[in-house]
Structure formats: C-alpha cells, structure tokens
Amino acid sequence: MVYSILKKYGIRGGSLDQHFLVNEPILDSIAEAADLQIDDVVLEIGGGIGNLTERLVSRAGRVIVIERDSRLVAVLQDRFHNVSNIDIIEGDAMKVELPTFNKVVANLPYSISSPITFRLLNHGFEKGILMYQYEFARRMVEAPGSKNYGRLSVDTQYFADVRLLRKISPSAFTPAPKVWSAVVEVVPRPPAFEVKNEQLFFRVVEAAFGQRRKKMKNALTKCNPPLAD
Ligand SMILES: C[S@@+](CC[C@H](N)C(=O)[O-])C[C@H]1O[C@@H](n2cnc3c(N)ncnc32)[C@H](O)[C@@H]1O
C-alpha cells in the first residue's frame with residue numbers, strides 16, 4: 001500500500017525531512033500510545049502520505065493535519081476524500097495559526113524539533129506522542145545529574161512530564177534516515193516550581209548550560225547579551 005502510493009504519485013522523499021514511517025506495528029503502537037477516544041481532537045504535524053493519519057482518523061473524533069508540501073497535501077486529500085473527520089491544512093507548522101486540539105501525534109520534521117515542540121507547549125494540549133531524532137529525545141527526557149541533562153531537558157521538563165517510549169531503527173522508514181529515532185510521550189502540566197519572570201528564567205538556563213566548561217558565576221556574568229544591566 002505505502003510503496004504503491006509513493007510510486008503512484010512519484011514521491012521519493014528525502015527533502016523537507018520526508019522519511020515516511022512504513023513499519024506497521026510501530027505505526028500502530030504510536031496511535032495506541034495516544035489512547036485516542038471519540039471526543040479527542042488530534043493535531044498531526046507533517047502528514048506525509050498519511051500512514052499515521054490513517055490510524056488517527058479511525059480512532060479519534062477529529063484529526064487536523066498540517067502538511068507543508070503541496071504534493072503531499074494532494075496525496076492526503078486523495079487518500080482521505082471519503083473520510084469526514086479530517087481537516088487538512090497546507091502550510092508551515094511554524095507559521096500557520098494552530099487550531100484548537102487536545103492531543104498531538106506526529107512523526108515530526110526533525111529540522112524543526114525544538115521550535116515546534118515549544119510552540120506546541122506554549123499553545124497547550126493534554127497529551128503528545130511525538131517522534132524525534134534519538135539524541136534529541138534523550139536530551140529532552142534526561143534527569144538532573146546525567147551527562148546529557150541540559151537546556152533542552154530543563155526547558156521541556158519545566159512545561160511537561162516526558163517519557164521516552166521506544167527507540168526506532170532507520171529501517172522503519174523509507175527513505176531510511178541516517179539517524180535513529182525515538183517516540184516520546186509529552187504530558188503538559190503546571191511548572192513544578194514558581195518562576196516570577198519566565199523570560200529571565202529561560203535566559204539563565206541558556207547562559208548556564210551554554211558555557212558548560214565555565215564556572216557558573218562566569219557563565220552567568222559573562223554571557224552575551226548580559227542577563228542584567
Ligand atoms: C518525517 S515525515 C513524516 C510523514 C508521516 N507522518 C509519516 O509518519 O510517515 C515529516 C513530514 O513533515 C512535513 N514537513 C516538513 N516540514 C514541515 C513544516 N514546517 N510544516 C509542516 N509539515 C512539514 C514533510 O513534508 C513530511 O511529510
């Protein structure tokens with residue numbers, strides 16, 4: 001089915017982070033992890049040729065897909081023309097106005113992993129099942145004290161509880177990416193501690209982890225632009 005769709009529309013992938021997930025059990029497990037119910041409105045970023053979308057529309061009340069590539073938008077419109085609980089938005093997920101949704105399930109375009117994650121977290125949702133490059137996912141979920149604990153861990157865990165669900169081989173995709181991937185569960189919650197000035201908090205975290213070899217005092221006093229006048 002997947003390969004016949006790619007052939008029919010002459011799609012090769014590779015550009016725009018286009019690595020299509022073709023492993024059926026993994027696709028099923030991602031949809032299952034989202035625990036979709038009939039009253040869920042799911043956002044999918046980057047629908048591709050609709051492999052994951054197909055599992056979402058059969059489980060959720062409504063699915064909204066944002067896809068940047070107009071050729072893939074045409075494939076999605078064709079593949080789901082008989083499906084009534086789907087909205088397909090053509091556009092850049094970093095620029096379009098995000099709709100209202102309560103779950104987000106996506107095999108993300110890895111080049112926008114960080115900005116799209118924080119855009120989604122600032123927008124708000126109940127649960128996310130999101131695929132990232134493996135190293136990125138590790139840094140998101142790392143606990144304090146470990147080697148990989150850093151700015152991404154602090155910033156993510158400020159907004160949400162995060163859990164790495166499974167590591168995924170490049171062979172699960174076509175065309176195969178060069179890197180391993182991982183599926184992460186993201187459950188937003190109020191911050192675990194009170195921060196009076198969030199902007200300053202994130203800048204301090206950036207300065208502290210941006211200069212890991214420096215002593216904390218030097219990292220905070222010599223960062224550019226300065227933290228305080
Ligand atoms: C890794 S593929 C995933 C495709 C499909 N969901 C799957 O699992 O097989 C990423 C998809 O995101 C799309 N994409 C890339 N950048 C995007 C952006 N800024 N906004 C929306 N979609 C984007 C690509 O065209 C591609 O279809």
Side-chain angles (χ1 to χ4, degrees), residues 1-34 36 38 40-113 115-117 119-120 123 125 128-133 168-184:
M1 171 75 164
V2 168
Y3 292 100
S4 62
I5 292 177
L6 292 173
K7 198 169 167 204
K8 179 175 168 193
Y9 295 93
I11 289 163
R12 297 215 168 142
S15 60
L16 276 179
D17 300 310
Q18 285 167 0
H19 300 281
F20 305 109
L21 186 56
V22 290
N23 181 303
E24 306 269 341
I26 295 175
L27 283 159
D28 289 339
S29 75
I30 292 173
E32 272 153 30
L36 297 174
I38 200 67
D40 281 328
V41 179
V42 182
L43 177 68
E44 184 187 5
I45 308 278
I49 56 170
N51 303 342
L52 187 55
T53 322
E54 184 182 44
R55 275 130 177 118
L56 304 179
V57 290
S58 66
R59 289 168 166 88
R62 182 132 223 103
V63 177
I64 305 163
V65 187
I66 303 175
E67 172 55 61
R68 185 175 178 177
D69 186 335
S70 56
R71 292 173 318 145
L72 295 177
V73 169
V75 176
L76 292 167
Q77 282 166 344
D78 207 5
R79 185 165 176 182
F80 299 107
H81 72 279
N82 276 332
V83 174
S84 59
N85 63 336
I86 187 168
D87 292 309
I88 300 165
I89 299 172
E90 179 175 344
D92 180 342
M94 283 308 301
K95 293 188 181 146
V96 296
E97 190 183 335
L98 291 179
T100 301
F101 60 93
N102 68 317
K103 292 188 177 168
V104 52
V105 182
N107 172 13
L108 289 171
Y110 294 166
S111 61
I112 58 167
S113 292
I116 194 62
T117 299
R119 185 161 196 231
L120 292 167
H123 182 78
F125 57 92
I129 302 295
L130 300 169
M131 177 103 74
Y132 296 95
Q133 185 174 339
I168 305 214
S169 155
S171 64
F173 303 84
T174 189
K178 291 199 173 72
V179 294
W180 281 69
S181 301
V183 180
V184 176

*Distance-minimising heavy-atom pair for Ser181 and Tyr110*: OG-OH, 2.6 Å

*Please name the pair of heavy atoms, one in Pro170 and one in Pro177, separated by the smallest distance, quoted to 0.1 Å.*
CB-O, 3.3 Å

Taking C-beta and beyond as the side chain, do [X] and [Y] meet within less than 4.5 Å on heavy atoms?
X: Pro109; Y: Ile45; value: yes
X: Ile66; Y: Val96; value: yes
X: Val63; Y: Leu43; value: no
X: Ile49; Y: Leu6; value: yes
X: Phe20; Y: Val2; value: no
X: Ile86; Y: Val83; value: yes
X: Leu21; Y: Leu52; value: no
X: Phe173; Y: Asn107; value: yes

*Candidate pair Val183 and Leu130, rule side-chain contact (heavy atoms from CB on, under 4.5 Å), full reasoning*: CA-CA 6 Å; Val183 180; Leu130 300 169; over 6 Å; no

Output the distance between atom [atom1] ([X]) and atom [atom2] ([Y]), rounded to the nearest 0.5 Å.
X: Lys103; Y: Arg59; atom1: NZ; atom2: CZ; answer: 12.0 Å
X: Leu72; Y: Ile88; atom1: CG; atom2: CD1; answer: 11.0 Å
X: Asp40; Y: Phe125; atom1: CG; atom2: CZ; answer: 13.0 Å
X: Arg71; Y: Ile11; atom1: CZ; atom2: CD1; answer: 5.5 Å
X: Glu67; Y: Thr53; atom1: CD; atom2: OG1; answer: 9.0 Å
X: Leu98; Y: Ile64; atom1: CG; atom2: CD1; answer: 9.5 Å

*For the pair Ile89 and Val65, evaluate side-chain contact (heavy atoms from CB on, under 4.5 Å) and give the outcome as yes or no after the intermediate values.*
CA-CA 6 Å; Ile89 299 172; Val65 187; over 6 Å; no

*With sequence neighbours excluded, give me every salt bridge (Lys or Arg N to Asp or Glu O under 4.0 Å) pair touching residues 168-181.*
none

*asked:* I need the full list of salt bridge (Lys or Arg N to Asp or Glu O under 4.0 Å) pairs touching residues 42-51, with sequence neighbours left out, sorted by first then second residue.
replied: none

*Just grab all the side chain to side chain donor-acceptor pair (under 3.5 Å) pairs involving residues 12-26, residues at least two apart or on different chains.*
Asp17-Ser111, Gln18-Asp69, Glu24-Arg55

*Which pairs with one or both residues in residues 83-94 pass side chain to side chain donor-acceptor pair (under 3.5 Å), sequence neighbours excluded?*
Arg62-Asp87

_Which residues share a side-chain contact (heavy atoms from CB on, under 4.5 Å) with Ser169, sequence neighbours left out_ = Ser171, Trp180

*Does Arg119 use its side chain to pair, donor to acceptor, with the backbone of Ala93 at less than 3.5 Å?*
yes

*Examine distances only and state if a side-chain atom of Asn51 and a backbone atom of Val22 form a donor-acceptor pair shorter than 3.5 Å.*
no

*For Phe101, all residues meeting ring pair (Phe, Tyr, Trp, His ring centres under 6.0 Å), sequence neighbours excluded*: His123

